[in-house]
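Structure first, then comments.
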Amino acid sequence: MDQFLSSTAFKGNTKKSVYFNGGIKMSYNHTVVEKKWQRNWKAAHEFKTTTDPNKKNYYALDMFPYPSGQGLHVGHPEGYTATDITARMKRAQGYNVLHPMGWDAFGLPAEQYALNTGHEPSEFTAENIANFKRQINSLGFSYDWDRELNTTDPSYYKWTQWIFEQMYKKGLAYEAEVAVNWSPDLGTVVANEEVIDGKTERGGFPVYRKPMRQWMLKITAYAQRLLDDLDLIDWPESIKEMQRNWIGRSEGAEIDFDVATDQTTAKKSFTVFTTRPDTLFGASYVVMAPEHELVDQITTADQKDAVAAYKDEISHKSDLERTDLSKDKTGVFTGAYAINPANNEKLPIWISDYVLVSYGTGAIMAVPAHDTRDYEFAQKFNLPIKPVLQGGDVTKEAFTGDGVHINSDFLDGLDKDDAIKKMIDWLAEKGVGEKKVNFKLRDWLFSRQRYWGEPIPVIHWEDGETTLVPEDELPLRLPKTHDIKPSGTGESPLANLTDWVNVVDENGRKGRRETNTMPQWAGSSWYYLRYVDPHNSEKLADFDKLKDWLPVDLYIGGAEHAVLHLLYARFWHKFLYDIGVVPTPEPFQKLYNQGMILGDNHEKMSKSKGNVVNPDEVVEQYGADTLRVYEMFMGPLDASISWSEDGLAGSRRFLDRVWRLFIDDDGKLRDRITTVDDGRLDRVYNQTVKKVTDDFEDLHFNTGISQLMVFVNEAYKVDALPVQYVEGFVKLLAPVAPHMMAEIWEKLGHQDSLTYAKWPTFDAKFLVADEVEVIVQVNGKLRVKLQVAKDLDQAVLQEQALADEHLKKFIGDKKVVKVIVIPNKIVNIVVK
RNA sequence: GCCGGUGUGGCGGAAUUGGCAGACGCGCUGGACUCAAAAUCCAGUUCCUUCACGGGAGUAUCGGUUCGACUCCGAUCACCGGCACCA
């Protein structure tokens with residue numbers, strides 16, 4: 001679950017490295033101050049989740065990272081800072097806050113490293129986690145580490161396995177033969193992303209499609225609910241739309257066709273799915289997927305060779321190649337015919353890979369006059385094109401729009417919607433078809449031929465029985481080995497570990513453990529539940545605690561997880577809801593996708609481009625607070641923005657400016673900070689409290705920080721800084737720059753922790769002015785600005801505007817046609 | 001090809017519901033401080049025009065709706081992301 005796998009050395013910028021503490025003045029020393037507060041927070045268990053029943057609960061969650069050997073990337077802290085600011089603000093606002101972090105630590109890189117070096121993946125993973133944790137802590141995030149979790153920990157994956165077993169018991173986990181990418185040279189199955197141009201990424205060996213027994217999860221059983229419940233959640237509309245498209249609901253009909261028979265052949269039939277049953281009279285041939293089960297049975301003797309050759313050709317193509325070459329339609333006639341149930345016409349049956357065995361019924365009725373793909377195919381193979389709708393010109397292209405039906409017997413004269421209804425009724429009445437809803441969504445291929453994943457807790461017995469590992473024997477532990485080798489058979493490396501694989505039951509019956517493991521998506525599909533009750537040994541989490549915290553109030557991560565992770569997690573959550581384990585139908589109430597941080601050349605950061613920035617270097621040179629301020633100030637959270645060393649330095653300059661505003665050269669509070677309020681900062685202070693509170697709540701951190709800058713600019717212009725405003729400001733900036741603010745808070749004389757100091761409030765009376773500036777336009781162009789009393793009468797305002805000397809020049813001797821007056825805002829004079 | 005998103009100064013970006021375009025920051029220019037520089041503080045900074053007051057143009061391009069458009073509508077162009085023959 002990680003988008004940042006590449007890294008390289010920090011591009012040092014000596015020009016800006018002026019922030020060492022070698023001067024005479026006591027300037028702000030981020031290294032000392034940040035270390036001090038990180039130590040204090042750890043010692044005080046500052047961020048331990050509170051469970052005060054008198055407070056409301058808030059759950060702020062980050063998508064947990066895959067702890068790669070490369071360490072943290074500057075992209076990680078963007079989302080983490082956003083949730084951290086929210087968590088810190090909510091603590092100050094009096095919430096119990098659950099803000100946890102953990103590790104999605106199963107995955108391919110560790111396995112490959114182990115294969116290459118002979119190291120144990122768990123040891124290597126533990127080192128990576130330690131490094132990630134060190135880096136994350138160096139940025140001052142307020143995680144409750146007592147709730148840290150790790151998907152590779154047996155006490156965690158015990159419950160991942162438990163969920164699998166519940167699904168199995170409900171018939172939602174099943175085995176099927178599915179094609180995989182098989183590399184005989186490597187002796188392993190490779191993932192799609194490891195295949196480049198039909199060859200393995202490592203070694204460049206050929207890859208073959210090979211059907212293997214695989215575990216599947218029946219996510220399709222939840223398709224309709226996954227679609228409907230998108231309406232319950234507060235997610236970006238674009239993400240919802242992507243999920244809707246992925247689920248891909250389409251309404252249509254299934255229609256049964258008989259295969260034309262003679263005296264020598266038995267009666268056979270098959271079913272097609274179509275969204276346009278109204279065009280049945282325009283069907284001129286039928287196409288089956290090459291893998292369709294009927295193909296071999298119906299192919300005539302003289303077409304056998306051609307069909308076999310075509311199927312062979314297809315089997316050598318990967319999915320990608322099949323689609324890449326899609327511009328040009330290919331196919332073969334089977335020699336057989338189908339009977340159109342509407343008019344008993346004989347239609348030739350073809351096979352072609354443009355029909356997918358995995359969608360619908362794997363067979364279609366082709367209506368080339370009204371379907372673009374069928375049209376291309378018919379053109380290529382000279383098949384008849386018969387229009388059944390008025391409109392369009394079928395000599396040029398397929399007409400896929402609406403129109404009046406023709407050549408369609410009882411449908412003639414009807415439009416599309418009516419014709420579809422009438423045809424479905426007719427099909428149902430004759431018993432040759434019915435209304436049908438189809439989804440693009442396919443079942444989830446849940447097994448991987450890998451060592452480094454959760455073992456699937458299943459035993460295959462010699463008598464053919466398949467059983468689950470009993471629940472009281474979970475977790476089924478991944479056996480330790482220093483010798484991970486390909487099995488050579490396509491099975492995972494676990495197949496080599498015969499001590500583990502072979503089992504015997506109490507009756508002496510022999511069995512073999514499942515050697516497939518779960519995909520990385522498994523552990524990440526429910527981890528947010530475990531944070532709620534991470535040490536529970538009886539249940540995956542206590543139901544009442546889940547009721548207290550769910551759904552997650554704020555979930556932030558990269559947009560690349562828009563579909564898969566978020567759909568899988570929703571699916572598991574709904575299943576757990578159905579069996580009474582979780583209290584809500586949806587897991588994540590509010591979702592937000594952070595954007596990408598690009599390199600300073602406006603390109604995606606990557607090792608090969610040499611534009612990767614390492615957060616360790618930034619923390620060392622500028623401090624964690626600076627990095628946090630910069631990443632939040634550089635633009636909207638969801639935008640992709642280029643890294644700028646100058647911008648980073650500017651953020652540090654702002655923090656130094658804040659420091660100097662309150663602290664003198666001897667490291668003491670400035671004497672300008674007083675209990676006297678001369679009123680000069682009343683307005684800007686109250687505006688700042690309001691804007692920052694609203695903006696942080698809406699995740700508009702860039703504009704919130706800009707308002708804090710406005711306050712600082714104003715504060716520099718006055719002589720007296722009222723202490724309550726200074727304290728309020730420190731609290732407002734604390735979520736973004738917690739270390740420096742904690743230090744100033746201490747210098748202000750506070751023993752108590754800033755973390756739980758009450759969030760400031762504003763007084764609305766300071767936000768309203770007695771006078772307002774009203775703009776006066778002539779024909780929509782700004783001409784004059786007037787200072788007038790607030791809520792001045794419309795007529796008076798109009799009179800004052802028209803009396804203005806400068807304005808008269810623009811009216812001249814033209815006629816005033818109309819005057820639009822919006823109180824406290826605008827007067828627009830329309831002249832002719 | 002389809003779906004989604006984005007186009008605003010030299011740069012990153014602001015702009016409630018259609019009502020002062022350019023907040024804030026970077027960069028740049030000038031001033032103060034300094035022997036000098038850096039740092040800091042103050043001021044200015046969309047473009048054209050004007051000594052100045054002022055005026056004109058301007059939110060990718062073209063058109064529309066409106067008293068009034070960065071904002072709404074239509075078309076076009078560019079860039080970014082996702083999907084891949086889903087019947």
Side-chain angles (χ1 to χ4, degrees), chain A residues 18-19 23 25 27 236-239 241-242 244-246 248-250 252 272-277 279 287 319-320 322-327 329 352-356 358-367 370-374 376-377 438-442 559-560 562-563 595-596 598 602 604 629-630 633-636 638-651 653-654 656-657 660 694 700 702-710 712-713 716-717 773-785 806 809 817-822 824-831:
Chain A
V18 293
Y19 296 109
K25 291 179 175 180
S27 64
E237 202 45 48
S238 61
I239 301 288
E241 198 56 29
M242 281 166 80
R244 287 190 192 105
N245 292 339
W246 190 267
R249 183 181 198 272
S250 62
V272 303
F273 173 72
T274 177
T275 54
R276 296 294 301 271
T279 60
V287 189
D319 280 352
L320 257 177
R322 279 176 70 163
T323 53
D324 265 3
L325 301 173
S326 67
K327 301 286 167 270
K329 295 269 183 295
S352 172
D353 63 355
Y354 87 88
V355 174
L356 309 177
S358 53
Y359 183 77
T361 60
I364 62 157
M365 63 177 210
V367 186
H370 305 294
D371 181 281
T372 311
R373 295 152 303 183
D374 297 343
E376 285 169 18
F377 192 83
N438 244 317
F439 295 94
K440 269 201 285 192
L441 183 69
R442 297 178 200 174
E560 65 278 9
V563 178
M596 218 182 323
L598 307 171
H602 309 283
K604 203 167 167 171
V629 169
Y630 175 58
F633 183 63
M634 63 198 299
D638 59 356
S640 291
I641 299 171
S642 305
W643 186 262
S644 153
E645 193 76 15
D646 284 337
L648 181 66
S651 296
R653 204 141 56 213
F654 165 63
D656 281 336
R657 213 165 131 77
R660 278 194 309 271
D694 291 349
H700 296 159
N702 55 331
T703 51
I705 292 168
S706 112
Q707 181 63 38
L708 291 165
M709 291 173 171
V710 169
V712 171
N713 290 344
Y716 262 91
K717 291 175 188 162
E773 192 179 62
V774 169
I775 59 161
V776 184
Q777 299 178 329
V778 177
N779 286 345
K781 285 199 178 184
L782 172 65
R783 296 304 177 190
V784 177
K785 296 179 184 180
H806 182 70
K809 285 192 280 186
V817 181
K818 192 176 178 185
V819 181
I820 290 118
V821 181
I822 307 206
N824 299 329
K825 270 193 177 165
I826 198 166
V827 177
N828 189 12
I829 300 158
V830 186
V831 298

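So you know, we letter chains A, B, ... as the sequences are listed, proteins then strands, and number each from 1.
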**Asked** How many Å lie between CZ on F633(A) and C1' on A14(B), as a whole number?
**Response** 10 Å
Does [N] have a Watson-Crick or wobble partner in any strand here, with both distances under 3.5 angstrom, and which is it?
N	value
C11(B)	G25(B)
A57(B)	U46(B)
A84(B)	none
U6(B)	A78(B)
U40(B)	A32(B)
C70(B)	none

Any donor-acceptor N/O pair under 3.5 Å between [N] base and [X] side chain:
X	N	result
N828(A)	C67(B)	yes
K329(A)	C85(B)	yes
K785(A)	C20(B)	yes

Proximal nucleotide (of [options]) relative to the [X] side chain:
X	options	result
L356(A)	A15(B), C83(B), C85(B)	C85(B)
S250(A)	A87(B), G12(B), C24(B)	A87(B)
K717(A)	A87(B), A43(B), G13(B)	A43(B)
I775(A)	G19(B), C42(B), C20(B)	C20(B)
D353(A)	G19(B), C83(B), C85(B)	C85(B)
D646(A)	A23(B), A57(B), G27(B)	G27(B)

**Prompt:** Which part of the nucleic acid, if any, lies within reach of E241(A) when heavy atoms closer than 4.0 Å are counted: base, sugar-phosphate only, or nothing?
**Reply:** nothing
**Item:** In G9(B), glycosidic geometry as syn within 90° of 0 or anti otherwise
**Value:** syn
When the [atom1] atoms of [N] and [M] are considered, how many whole Å apart are they?
N	M	atom1	result
G18(B)	G31(B)	C1'	42 Å
C80(B)	U29(B)	C1'	36 Å
A14(B)	G25(B)	P	15 Å
U59(B)	C70(B)	C1'	5 Å
C35(B)	C53(B)	P	37 Å

**Prompt:** So, is R783(A) near the phosphate of G56(B), with a side-chain N or O under 4.0 Å from OP1 or OP2?
**Reply:** yes
**Prompt:** Are W643(A) and Y630(A) close enough that some pair of their side-chain heavy atoms sits under 4.5 Å apart?
**Reply:** yes
**Message:** With heavy-atom distances below 4.5 Å as the criterion, would you say the side chains of D371(A) and T279(A) are in contact?
**Reply:** no
**Complete:** Result for side chain to side chain contact (heavy atoms under 4.5 Å, CB included) between V776(A) and one of L782(A), N828(A), V784(A) points to V784(A)
**Message:** Tell me whether the NZ or CZ atom of K329(A) lies within the 45° cone about the ring axis of Y354(A) and under 6.0 Å from its centre.
**Reply:** yes
